[in-house]
Amino acid sequence: MDGPGPSPATEVPFRISFSGYGGHLRLDPTPHPSSAIPDFVPPPAYPPGTSSSVTEYLEANYLNPELHLPTAADAGRVWDLDWFALARPPLEPSAPRIMLAPAWEPPFRRGRGTSQSAQSALESQVWDPESVQMEMGEVFGSGTEGLAPRMPGPAKDFVRGSINNRPFRPGGLLDDNAEVAALDKAFPEGARNGDWVHELMTGGLAQVAPPGFRKGLELGQLKEYKSHWKCFQNGELVEEQPASSSNDTMEKYSVQFDDLFKIAWEEDAANKALQEDDVQQSAEDEGTEGVGEQKVDAWQDASETVTKLDAEKHESGAISDDPGTQTDLDLMLSAEVQYTRRESGVSGDDKPTQDGKVWALVGGDEDIVTNFYKLVPDMAIEFPFELDKFQKEAIYYLEKGESVFVAAHTSAGKTVVAEYAFALATKHCTRAVYTAPIKTISNQKYRDFSGKFDVGLLTGDVSIRPEATCLIMTTEILRSMLYRGADIIRDIEWVIFDEVHYVNDAERGVVWEEVIIMLPKHINIVLLSATVPNTVEFADWIGRTKQKKIRVTSTNKRPVPLEHCLFYSGEVYKICERDTFLTQGFREAKDSFKKKNSNKLGVKPGPKSGTPAMRAGTQGKNPDTSNRGRDQKYPKHHNANSGLAAVPQSSSGPKRPDSSFWMPLVNNLLKKSLVPVVIFCFSKNRCDRSADSMFGADLTSSSEKSKIRVFCDKAFSRLKGSDRNLPQVVGIQSLLRRGIGVHHAGLLPIVKEVVEMLFCRGVIKVLFSTETFAMGVNAPARTVVFDSLRKFDGKEHRKLLPGEYIQMAGRAGRRGLDNIGTVIIMCRDEIPEESDLKNLIVGKPTRLESQFRLTYTMILHLLRVEELKVEDMLKRSFAEFHAQKNLPEKEKLLVQMLRQPTKTIDCIKGEPSIEEYYEMALEAKEHRESITEAIMKLSSSQQFLIPGRLVVIKSESDDDHLLGVILKSPSQAPNIPPQALNKYFVLVLTGDCTSSALSPVLSNKTEKEPGDFQQGHFIIPKGKRGMEDEYFLSGSSRKGSGAVNIPIPYKGDASGMGFEVRAIEKKEIMSICTSKINIDQVKLLEDCSKAAYSKTVQLLIKEQPDRTKYPPALDPIKDLKLRDMHFVERYIAYHRLLQKMSENKCHGCVKLKEHISLMREQEKYKNRLNELKFEMSDEALQQMPEFQGRIDVLKVINYIDSDLVVQLKGRVACEMNSGEELISTECLFENQLDDLEPEEAVAIMSAFVFQQRNASEPSLTPKLAEAKKRLYDTAITLGQLQAQLKVPVDPEEYARDNLKFGLVEVVYEWAKGTPFADICELTDVSEGLIVRTIVRLDETCREFRNAASIMGNSALYKKMEVASNAIKRDIVFAASLYVTGI
């Protein structure tokens, strides 16, 4: 920098550094100026910078425009700078609100400076463009960008958002027109054309002042990029002209646009001819080679291909072509360029709907694993162990800024990928969000990540450091932030979804789909899941929805293999090892079971020994049922918890059988050093009783007892004196000191955390747990034991699913500690079936299935924003994935059908009325089929359908129906095969013998239908035959045996006429004729006599001499006694239509049959066209009818108006997340809480969040009982309204599912200040569920308070504040040990 004045570096000390995800330059103040040249912080993996290197870098990267090909190193080129160590950033988004852009002007319009005489001629050529101010939202919020065009809100709504905010535009919404329009509006005229580039390429004076600056920096002349034109004429290089040559020289080699279009048209026509003519492909190649050269030469002559040569760049030697001088980094970058090109060639264009792009890219390149540390030389975080293959692949793709789906076995190390995403966010000065389905996982991850990253925690009741770089939250919180447009979403770079297989959860699985759909485009996704069969399908849905590639990486096997065993009668039988089922071990267990049961019953083992096993299997289901009955009968506080408090009491009574059952197993595991062990029991009471039954077991040493006592004293010291003496707290400590633990949802949160932490420390040897331990806690064990293979899922007792079994069994085997994990299945009274065990152990896990459903909250949130439609949300759900994926093919098919020419009907009479005739024919056919179906159901018609009766049968070609005779009626004998019960054997005339032999309908019928008896010779026992099966009609010389000795269908010809014997159903009979003929059933069906068939065919021909008219049919009303008025009216309408058809001009026309066929084709074409249009429309969505019904409900109760604009009640409903939104909103607008005290109001509100169905009936005050009745009546009214408007809701079930009043009395007493121990005596609900309900109730109070603020109800606002403060105390709101530490 030249100039007489002092350097800016001496006035304001600063240094140049790189920051942010894109590596932008920033100026940083320095405390002490070191020199006149600003300090330069070099990027890692590069040599230290100097003044000349900085100049070269700025010139090469910012002042010399060139085509840049991205490489893998670019994504990893981020610069180390600890911004948080320098300054604490404010809680405001850092994105600028406005920007200044220069407006380009043609040279002849540019103004000159006023002081032209004082400037040199060179300086007078400098042009200072005018700057235009634009909103950042208009520039970066257009089209498919991730940020919505709105300004940031106040700081208080930065994290949680506000109902007044607009949600950010979800990524993947394709709207090219909106993008182009927004860009045209945002940028000034001429700013996006190529004139800027042209001025830079040809050189000249550089601009001095940046937009918005008064003074600037003179950079001198811009370098001219020397280039020349290669001029061709007639395919030969004529000369080379400099790019700066005169236009006259260039014009003689130029062509007009029409010539270019003609050349392109001829070239396309030649290419099309080459594609269509495959026979003469080789000859065409030789013939068109010369033509192709001429076309290319002409195109080169027309377009004047430019070859740019930068002499200075080659002279500097920055890039050497000598392979010997290339470094490892150069080789790596060149290899990566080839890799990316190959990948882009496979993936194709960015629009998958046009070329079928695959969004889920499975697996990685072996080069990634081999050259990992070269591809990622500067890792964001170092790990003290060697990474696995899937971890290296995932980290490599994260460095490239791509989304990743990791499907790995349990305990394989998926958390490493989440940690690296956190490290990248810290390195890039952005944010990352970790979401988990369960609050316990969130708390545990907060503890695990706190020592490594800047971590915050957001759950329903806890908000710790929301301004942190790495945020851990539940998925519901993230969904709320997206719907409410929280400004913090602007800074998020990564969202990590843990336990993605939880998307199968029926209640909460929809939350995952909503969040994935609503995420903006700028956010990358990391999905962590257990192994599922359809990983690629789910990843493809996400990629197609978000319009970005999803890299899928997975593990092939567990890091610690498992062995599965059966435990029966004190012995362990290995049945599976390394995913191979061992039949020998299963047989040994089965033999032991049979031997033991035969000895008990005094029966020797023999072929009948299976009977005791079946009886034992039946008895094996009784304990589950009886246990369930006791679970419901005896409250936990008076049974299980009292056992925990006083362990000696459990030494008597029914506990002893459990003790004798569990102790042999535990002793066996202790001998083999297979502890710690997790025993999964699918009942909370079962866990408590099993732990209490081990009253004599002491599994810990004295030092371990000391550690447990010290830990428990520290953990429970934060409780009040009365809370420390709770039966559950005292009882669990006595169990823990002996190395036994219990873990289930009924425990207090602090008790569960104590058990989890002690188990992770290895001092708990035996842990009785429910299924939630496998999902919510990352605590592997040496052994896993299944108490049973059946569970109660809230609706019914059922077998475990393979996915559930694999999830729980995956806790066996600690990586780095165990060589193998052991899984044991307990067998009490029966051995499971081999097929069930195989399906459970080595079967496929449960597929990821969509649980997407519409909710009123979702509809109201989306209706607030015009750009987002509910239909878009439905289309992008996983349930509609396959239908939406096939839309491009259907669109192509629709275009092809629309381009097809339609055949016209030329009427020879000049007045075409075939349309009217065809419509009458269709209507008549509908009447006839309906009447025939009704006739065949009449009992009176059965007496006419006897052998010898003539009938008219439907033809498969639907042109001319067939005349036939019944040979045999269906037998009513009970032992006849099912396919013969409802079949009639009929002989029909098929036409001339020559035509019938060649008829494709008859001769090519080779597929077996249900009624086809291909080799069907069946005999009806004589005693079971009916009267009509006695074959002694006229001509019969002997009595029939009941056999059918001909293949069905049987085809032949007689008397010059083709015939066929078929087996038909009633519905194939068109009409019953009045005529009958004599037949010989024995000779026709048993003897296959040609003479009999010839005679029968001749009799049929006599009944239909001209082959056009059929014998008269029985009258349905007179003969068949049809009395139903509906069908009688249809019969009359049918005859009227026949009369009208006979009066039509087309009736009897020689071309009637041809025109009817054309009409049928046109009708089929129109139907297929309409079907395609329907499938491509929003009306074809599965949940569209329910959506229409819910919209009608919202209109009736005034949540939205007729124009779908959200009203006040709708805005209030958007605040309701913890309870049912309609009932909660109606409760507020009906002022049901006004006459209640805060304690009474919060007690009634507990019905919204309490979840247990079966609970003891609370004892309520008259005021609470009246409030309960009002609220229940409101729910019934809303349910009835939804049922009326075709929403699939049962009013009673709707009220019962959304309002559960089991804890109203408990919450009322708690709000009044009653101790926790006393309120537990008021109900049979477990302590853990009581605490969870009250914690969620505090969130409900906050929602009601926000709703009161929207409504303007200050009294309700204050009441909710008082109620919230009344319940927030003592053990219920004790801080989590994971959060506060211990």
Exercise: do Arg1336 and Ser1246 side chains pair donor with acceptor under 3.5 Å: no

Under the salt bridge (charged side-chain N to carboxylate O under 4.0 Å, His left out) test, residues paired with Lys439 that sit two or more places apart: Asp461

Sub-4.5 Å side-chain heavy-atom contact between Cys712 and Leu736: yes

side-chain contact (heavy atoms from CB on, under 4.5 Å) between Glu467 and Ile488, intermediate numbers included: CA-CA 9 Å; Glu467 74 280 358; Ile488 196 175; over 6 Å; no

Nearest-0.5 Å distance that lies between atom NZ in Lys1368 and atom CD1 in Ile1334: 13.5 Å

Ser1218-Glu1339 side chain donor-acceptor pair, cut-off 3.5 Å: no

Pair Arg484 + Asp157, salt bridge at N-O below 4.0 Å: no

Arg814 side chain vs Ala779 backbone, donor-acceptor pair below 3.5 Å: no

Flag for Ser1376-Glu753: side-chain donor and acceptor within less than 3.5 Å: yes

Heavy-atom donor-acceptor pair, Arg447 side chain to Val1379 backbone, under 3.5 Å: no

Nearest heavy-atom neighbours spanning Phe453 and Cys470: CB-SG, 3.9 Å

Distance-minimising heavy-atom pair for Ser1224 and Gly1219: OG-C, 4.1 Å

Arg1332 (side chain) donor-acceptor with Ala745 (main chain) under 3.5 angstrom: yes

Criterion side-chain contact (heavy atoms from CB on, under 4.5 Å) on Arg465 and Leu457, from CA distance to verdict: CA-CA 7 Å; Arg465 302 196 68 249; Leu457 179 64; over 6 Å; no

Non-neighbouring partners of Phe759 that pass ring pair (Phe, Tyr, Trp, His ring centres under 6.0 Å), sequence neighbours left out: Phe773

Minimum-distance pair of heavy atoms, taken over all atoms of Gln851 and Val503: CG-O, 3.3 Å

Tyr446 and Tyr1378 aromatic centres sub-6.0 Å: no

Check against side-chain contact (heavy atoms from CB on, under 4.5 Å), Leu1337 and Phe1248: CA-CA 8 Å; Leu1337 193 55; Phe1248 293 116; over 6 Å; no

Heavy-atom side-chain contact between Met873 and Met858 under 4.5 Å: yes

Minimum heavy-atom distance between Ser442 and Thr474, given as atom pair plus value: OG-CG2, 4.0 Å

For Arg815, salt bridge (charged side-chain N to carboxylate O under 4.0 Å, His left out) partners two or more places apart: Asp388

Aromatic plane relationship, Phe385 with Phe383 - under 30° parallel, 30 to 60° tilted, over 60° perpendicular: tilted

Qualifying residues under ring pair (Phe, Tyr, Trp, His ring centres under 6.0 Å), relative to Tyr420, sequence neighbours excluded: none

Expected output: side-chain Arg864 to main-chain Asn165 donor-acceptor under 3.5 Å: yes

Partners meeting side chain to side chain contact (heavy atoms under 4.5 Å, CB included) with Thr475 (sequence neighbours left out): Thr435, Val511, Trp512, Val515

Pairing residues for Lys452 by the side chain to side chain contact (heavy atoms under 4.5 Å, CB included) criterion, not counting sequence neighbours: Glu419

Any Lys548 side-chain heavy atom under 4.5 Å of Glu402 side chain: no

Pairwise side-chain contact, Glu1215 with Phe1344, heavy-atom cut-off 4.5 Å (strictly under): no

Contact check, side chains of Ile489 and Ile523, non-hydrogen atoms, under 4.5 Å: yes

Side chain to side chain, Lys392 and Tyr396, heavy atoms closer than 4.5 Å: no

Contact check, side chains of Trp494 and Leu398, non-hydrogen atoms, under 4.5 Å: yes

Partner set under side chain to side chain contact (heavy atoms under 4.5 Å, CB included) for Ala1363, not counting sequence neighbours: Pro1238, Val1242, Cys1341

Charged N-O contact under 4.0 Å between Arg508 and Glu476: yes

Val417 vs Lys414, side-chain contact (heavy atoms from CB on, under 4.5 Å): CA-CA, chis, key distance, verdict: CA-CA 6 Å; Val417 183; Lys414 298 187 290 291; 5.7 Å; no

Euclidean distance, Leu471 CG relative to Leu478 CG, rounded to 0.5 Å: 10.0 Å

Qualifying residues under salt bridge (charged side-chain N to carboxylate O under 4.0 Å, His left out), relative to Glu1343, sequence neighbours excluded: none

Close side-chain approach of Leu748 to Lys752, heavy-atom, < 4.5 Å: no

Asp1338 side chain to Ser1364 side chain, donor-acceptor N/O pair below 3.5 angstrom: yes

Leu1377 to Ala715 - nearest heavy-atom pair and separation: CD1-CB, 4.0 Å

Ring pair (Phe, Tyr, Trp, His ring centres under 6.0 Å) against Tyr1357, all qualifying residues, sequence neighbours excluded: none

Distance-only donor-acceptor check, side chains Thr857 and Thr855, under 3.5 Å: no

Donor-acceptor under 3.5 Å (Asn524 side chain, Gly401 main chain): yes

His501: partners by ring pair (Phe, Tyr, Trp, His ring centres under 6.0 Å), with sequence neighbours left out: none

Expected output: side-chain Glu1327 to main-chain Gln728 donor-acceptor under 3.5 Å: no

Check: Ser717 side chain, Lys714 main-chain N or O, donor-acceptor pair, under 3.5 Å: yes

Expected output: side-chain Arg1345 to main-chain Met1360 donor-acceptor under 3.5 Å: no

Modelled atom types, side-chain donor and acceptor of Arg1211 and Asn164, under 3.5 Å: yes

For Ala418, side chain to side chain contact (heavy atoms under 4.5 Å, CB included) partners two or more places apart: Tyr434, Ile496, Leu528

Minimum-distance pair of heavy atoms, taken over all atoms of Gln807 and Ala530: OE1-CB, 4.1 Å

Test item: Lys546 side-chain N/O and Ile517 main-chain N/O as donor-acceptor pair under 3.5 Å: yes

Separation between CD of Gln444 and CD1 of Ile472, rounded to the nearest 0.5 Å: 10.5 Å

Main-chain N/O of Glu1361 paired with Asn1365 side-chain donor or acceptor, under 3.5 Å: yes

Rounded distance (nearest 0.5 Å) linking atom NE2 of His744 with atom CG of Leu1329: 12.0 Å

By salt bridge (charged side-chain N to carboxylate O under 4.0 Å, His left out) - contacts of Arg160 (at least two apart): none

